[in-house]
Amino acid sequence: MATEISNRGIASRLLLLSELLEITGDNVFKIRAFYRAADIIERSNSPISQLNIYNLTLVPGIGPAIAKKVREIVETGTCNELEVLRAMVPPTLLELLNLEGVGPKTIAVLWKKMNIQSIDDLERAATGRRIRSLKGFGEKKEQGFLRSIALYRSAGGRMNRLEAEAVINKLAGSFAPGTWVVAGSYRRGKSTIGDIDIVTTGSPLVINPELQHRVDEIIDEGDRKTSVRVLGQRVDIRFTREPQLGSMLIYLTGSKEFNIRLREIAIGSGRKVNEYGVQARADGTLHEFSTEKEMFSFLGLQEIPPELRENQGEIELAGRFQLPQLINPSDIKGDLHVHSNWSDGSLTLDQIAEKGEALGYTYILCSDHSASLGITHGLDEEKLQQQAHEIERVNRTGRTCTLLHGIEVDILANGSLGLPDRVLAGLDLVIASVHSGFKEDRDTMTRRVIMALDNENVDIIGHPTGRLLGKRPSFEIDMSRIIDSARETKTSLECNASPWRLDLDADDIRNSTKNGVRISIGTDTHQEDEFLHMPHGITIARRGWCSTVNILNSLSLQELLDWVS
DNA sequence: GCCGTTTTCGGCCCGACTGTTTTCAGTCG
């Protein structure tokens, strides 16, 4: 059997098609249709390659033309229109789309009038001051191109949440306390953030000058909006007034798809939604909202938590007042992934129990590495037995937080585990994780993890895709098979709260809980301050539509022990 | 190209800011 093309594979070809159509100047609505279809296919949790033409057209956003192209891609790996465009447009031209301030129209003109085909070509032409001779281009554009090229070459990509917080902290002094809110993808709880968006009720007359000496660069400056660069990252600041704060927050929190959907709905009832409020199209009267809740209510919607605003069905549910009650920090009863100084952590077991008590937890799973992983001073059978005695001693000291004795056992290359079953059977909870052999192919890796799932001693699969944000991509793994197997074996999948992992991601979490798989949130703490990463994990779980019933560590200690047995 | 209890044709979210212009196109979010 030939390998089926993945949803991502289909989506990437449609995306390439829409980018090529942009440069060749095709109808913008047609381009958007391709772009939307690519997004829908990428996010779908069932294999699109198995749908026939008719079933494809039943997917919202896919019509007869795109359905035909998808089938062509499934059967041949590409489609005719894509190949025609690829033969026409130099491939290096697409890279120019990554430059800030450079869009498809600009690229088309540079290509057709000056035969500029790549970033290097553009740099040479701008340095040689040749571009200013083109109609519609001047000296400032030329300099802007050179700045964008330098920025693109030095860019470190998207920020993780800690890096975003560093940028925010650098600017915090520009605003009076209580007059500003971080919106955008940071507020929606995304695991990586492209730029920072801030809404403030402060005056631009005060804040714009304040920003001057805190930023690397002012990109745009205005009375309604100012954009700056801080620590190499873009920050957009929108100025508003208290009576309009609600609509501005909704607007700047997004997502883009969410905003578009909200506005489409408003059009249906003769209204216009923008960042200033809701306007009646008939007479132009503007309704203002100081809170988001008031504006949602005015539109006939339940208040939608920022983490859900992705146009993934939440708006329709909000219209029926049927949004899920999302998990909250106060629902978390304990941390299910902590390392002590018995392996590669820095805290003693006593310190961990003390910290757990201070955080209001009723339990913490002490899950050190197994001995198979040489670099982290893992525990063998003997050390594990000694640790058991020490945990018993700590648990007798009368703290309100109980230490559970567990392990983070390695899933080895052949799918077996780093410790024998009889050892694992004696522990309270077992996390099994992949820490080596990331380069295996998709099928091998999937079977490795499924073997671990089939082991009756394994309760949780730790960081199931192995990614390190910005450093190491997920390894190849068929998550739908993993989720099926987790359901059958009643195993939990981890939402690792470390800001460098945040793995599983929100889409996989939502697919897991739809299938009845419980999510375990663990901080993977190695040193004291990492206990504070729990909220990052909760945020991702909220993005995955999790209620308390979906979260393993919202169970009480007794319920958790019952679940294990 | 997609879509439809206003529509099967004619719409398709909305506004800020810049640079290059004498009124607007392009880009961005």
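Convention: sequence-line order gives letters A, B, ...; per-chain numbering from 1.
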S.K.: Which value, in whole Å, describes the distance between the P atoms of nucleotides B:dT5 and B:dG19?
M.R.: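 About 45 Å, rounded to a whole number of Å.
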S.K.: Please classify the nucleic acid contact of A:L99 as base, sugar-phosphate, or nothing, using heavy-atom distances under 4.0 Å.
M.R.: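 Here A:L99 touches the backbone only, sparing every base.
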S.K.: Given atom CG of A:L96 and atom C1' of B:dT27, what is their separation to the nearest angstrom?
M.R.: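 Nearest whole value for this atom pair: 15 Å.
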S.K.: Less than 4.0 angstrom from a charged side-chain N to a carboxylate O is my criterion; do A:E314 and A:R261 meet it?
M.R.: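 A:R261 and A:E314: not salt-bridged.
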S.K.: For a quick check of understanding: with a heavy-atom distance under 4.0 Å over all strands, which category does A:L252 fall into, base, sugar-phosphate or nothing?
M.R.: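 The residue A:L252 makes no contact with any strand.
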S.K.: Measure from CD on A:E22 to C1' on B:dT27 and round the result to the nearest Å.
M.R.: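 Spelled out: CD on A:E22 to C1' on B:dT27 is 11 Å.
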S.K.: For B:dT8, give the paired nucleotide (Watson-Crick: N1-N3 plus N6-O4 or O6-N4; G-U: N1-O2 and O6-N3; both under 3.5 Å), or none.
M.R.: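 Pair assignment: B:dT8 / none.
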S.K.: In whole Å, measure the gap between the C1' atoms of B:dA16 and B:dT6 for me.
M.R.: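 About 32 Å, rounded to a whole number of Å.
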S.K.: How close or far is atom C1' of B:dG29 from atom CE of A:M248, stated in whole angstroms?
M.R.: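 My rounded result for the distance is 12 Å.
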S.K.: Determine the Euclidean distance between corresponding C1' atoms of B:dG10 and B:dG15; express it in Å to zero decimal places.
M.R.: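 Taking atom C1' in both B:dG15 and B:dG10, they lie 24 Å apart.
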S.K.: How would you summarise protein contacts on nucleotides 11-19 of chain B per nucleotide, using B for base, S for sugar-phosphate only and - for none, with heavy-atom distances below 4.0 Å?
M.R.: -BBBSSSSS
S.K.: Using 30° and 60° as the class boundaries, would you call the ring planes of A:F296 and A:F258 parallel, tilted or perpendicular?
M.R.: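 Geometry flag for A:F258 against A:F296: perpendicular rings.
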S.K.: Output yes when at least one side-chain N/O atom of A:S227 is less than 4.0 Å from OP1 or OP2 of B:dC28, else no.
M.R.: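 No, A:S227 has no side-chain N/O under 4.0 Å of OP1/OP2 on B:dC28.
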S.K.: Counting any heavy atom closer than 4.0 Å, what does A:R234 reach on the DNA or RNA strands: base, sugar-phosphate only, or nothing?
M.R.: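 Answer is sugar-phosphate: A:R234 comes under 4.0 Å of backbone atoms only.
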S.K.: Give the rounded distance in Å between these two atoms: CG of A:L14 and C1' of B:dG1.
M.R.: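 These atoms are roughly 12 Å apart.
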S.K.: Going by side-chain hydrogen bond (donor to acceptor under 3.5 Å, both in side chains), name the residues that satisfy it together with A:R86, two or more places apart in sequence or in a different chain.
M.R.: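 side-chain hydrogen bond (donor to acceptor under 3.5 Å, both in side chains) list for A:R86, sorted by chain: A:E83.
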S.K.: Under the rule for ring-ring contact (aromatic ring centres under 6.0 Å, His included), what residues qualify as partners of A:W111, not counting sequence neighbours?
M.R.: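 With sequence neighbours excluded, A:W111 shows a ring-ring contact (aromatic ring centres under 6.0 Å, His included) to no residue whatsoever.
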S.K.: Which residue lies toward the 5' end of DNA chain B, A:K105 or A:E142, if each is placed at its nearest nucleotide?
M.R.: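 Mapping each residue to its closest nucleotide by heavy atoms, the 5'-most match is A:E142.
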S.K.: Listed by chain and number, what are the side-chain hydrogen bond (donor to acceptor under 3.5 Å, both in side chains) partners of A:R132, not counting sequence neighbours?
M.R.: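 side-chain hydrogen bond (donor to acceptor under 3.5 Å, both in side chains) list for A:R132, sorted by chain: A:E142.
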S.K.: Using heavy-atom distances to pick each residue's nearest nucleotide on DNA chain B, tell me which of A:G61 and A:E100 is more 5'.
M.R.: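 Between the two, 5'-proximity favours A:G61.
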S.K.: Pick the C1' atom in B:dC17 and in B:dT21, then give their distance to the nearest Å.
M.R.: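 That atom pair is separated by 15 Å.
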S.K.: In whole Å, what separates the C1' atom of B:dT8 from that of B:dC12?
M.R.: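 Per the computed distance, 15 Å lies between those C1' atoms.
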S.K.: Mind calculating the distance between CD (A:E257) and C1' (B:dC2) to the nearest angstrom?
M.R.: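 A:E257 atom CD is separated from B:dC2 atom C1' by 16 Å.
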S.K.: Using a heavy-atom cut-off of 4.0 Å across all strands, would you classify A:G144 as base, sugar-phosphate, or nothing?
M.R.: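 Here A:G144 touches no strand at all.
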S.K.: Starting at CZ of A:R261 and ending at P of B:dC2, how long is that distance when rounded to a whole Å?
M.R.: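 In whole Å, B:dC2 P and A:R261 CZ are 17 Å from each other.
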S.K.: List the residues meeting side-chain hydrogen bond (donor to acceptor under 3.5 Å, both in side chains) with A:T253, not counting sequence neighbours, and say none if there are none.
M.R.: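 So A:T253 forms a side-chain hydrogen bond (donor to acceptor under 3.5 Å, both in side chains) with A:R187.
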S.K.: Which whole-number value in Å describes the distance from A:I131 CD1 to B:dG26 P?
M.R.: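 Rounded to the whole Å, the gap is 17 Å.
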S.K.: Does one side chain, of A:S474 or A:T465, offer a donor that lies under 3.5 Å from an acceptor on the other?
M.R.: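 Note: A:S474 and A:T465 side chains meet the donor-acceptor criterion.
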S.K.: Between B:dG11 and B:dT20, how far is it from one P atom to the other, in whole Å?
M.R.: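 One P to the other, the span is 35 Å.
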S.K.: Got a sec, which residues hit ring-ring contact (aromatic ring centres under 6.0 Å, His included) with A:F289, two or more places apart in sequence or on another chain?
M.R.: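 Testing A:F289 for ring-ring contact (aromatic ring centres under 6.0 Å, His included), a comparison that skips the adjacent residues, returns A:F298.
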S.K.: To the nearest Å, give me how far apart CG (A:D197) and P (B:dC28) are.
M.R.: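 In whole Å, B:dC28 P lies 15 Å from A:D197 CG.
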